[in-house]
Enquirer: 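Dumping the structure here so I can ask a few things about it.
Atoms within a ligand are numbered from 1 in the order they appear, just like the ligands themselves. All values derive from a computational prediction rather than experimental measurement.
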Amino acid sequence: MKLLIAGNWKMFKTRAEAAATVTSLVNSLSALPEQREVVIFAPFTVLSTCAEILAKVPGISLGGQNCYPAVWGAFTGEVSPAMLKDSGCDYVLTGHSERRMLLGETDAFVGEKTAFALSQGIKAVLCVGEQLEERNNGKLQDVLVRQLAAGLADVPDNTSAAELSVAYEPVWAIGTGRVAGPVEITQAHAVVRDYLAMRFPLQGKDIRILYGGSVKPDNAKEIISLDNVNGVLVGGASLQAESFSPIALA
Ligand code: PGA
């Protein structure tokens with residue numbers, strides 16, 4: 001299984017800034033090991049710019065941060081999986097906590113997007129994670145299982161492990177500098193792995209589970225070495241090649 005090192009640029013970067021960052025990433029990751037795969041989840045407006053630079057670069061691909069579950073139509077402000085593909089994307093993020101919390105995306109809507117994106121030939125990274133209050137109230141497992149059940153409800157049973165990944169991102173660790181500890185990460189990833197193994201008996205053990213939340217060059221190696229951690233989803237530290245490349249190579 002290749003480790004998936006994902007960068008989430010959120011709502012940052014003009015086209016010129018994106019081009020500069022992707023160009024330095026390509027240079028600094030020229031020795032990316034065969035067993036690692038890098039994906040950049042970039043804003044829609046810079047996807048084509050990044051795609052041109054990445055066109056002939058093996059090992060680094062592009063993803064959208066969101067999509068709408070329809071082929072086309074009157075959905076102002078939205079983007080379809082086909083449009084993402086047309087802009088050079090292989091991947092899409094679904095259910096990031098910022099979209100769940102700031103834009104009111106429900107578990108069921110996240111599930112619709114995930115299944116639809118897969119049906120259109122885009123690889124999905126479904127994000128799940130608990131809020132601090134939920135964790136403090138002993139609800140970690142309930143929240144993760146609820147988000148996984150709804151997020152994967154319509155995903156076909158024979159979906160291959162290469163097409164689907166899950167990112168565990170505790171909301172309290174995102175953008176806060178407060179990384180989850182090894183015990184917390186291992187515990188949550190075991191919940192996700194058990195669910196995947198139950199939901200997809202054949203391939204569940206091979207579906208990649210990424211950790212996200214304040215991953216930095218100085219903690220990436222330890223996080224990646226934990227049980228059931230098959231990659232990382234990096235926000236702030238993915239914005240500069242100087243901090244993202246060491247994570248990709250950690
Ligand atoms: P962070 O963001 O690395 O800045 O905490 C992670 C994410 O939101 O995917």
Enquirer: Taking Phe41 as the starting point, is it possible to reach Leu3 by hopping between hydrophobic residues whose side chains are less than 4.5 Å apart?
Expert: no
Enquirer: Who's touching ligand 1 if we go heavy atoms under 4.0 Å?
Expert: Asn8, Lys10, His96, Glu169, Ala173, Ile174, Gly175, Gly213, Ser214, Leu233, Val234, Gly235, Gly236
Enquirer: Excluding sequence neighbours, so at least two apart, what forms ring pair (Phe, Tyr, Trp, His ring centres under 6.0 Å) with Phe44?
Expert: none
Enquirer: If we ignore hydrogens and angles and just use 3.5 Å, is the side chain of Asp86 paired with the main-chain N or O of Ala82 as donor and acceptor?
Expert: no
Enquirer: Going by salt bridge (charged side-chain N to carboxylate O under 4.0 Å, His left out), name the pairs with one or both residues in residues 97-117, residues two or more places apart or in two chains.
Expert: Lys10-Glu98, Arg99-Glu105, Arg100-Asp107, Glu105-Lys113, Asp107-Arg146
Enquirer: Ring pair (Phe, Tyr, Trp, His ring centres under 6.0 Å) with Tyr168: which residues, sequence neighbours excluded?
Expert: His189
Enquirer: Checking Lys139 side chain against Glu133 main chain: does a donor-acceptor pair fall under 3.5 Å?
Expert: no
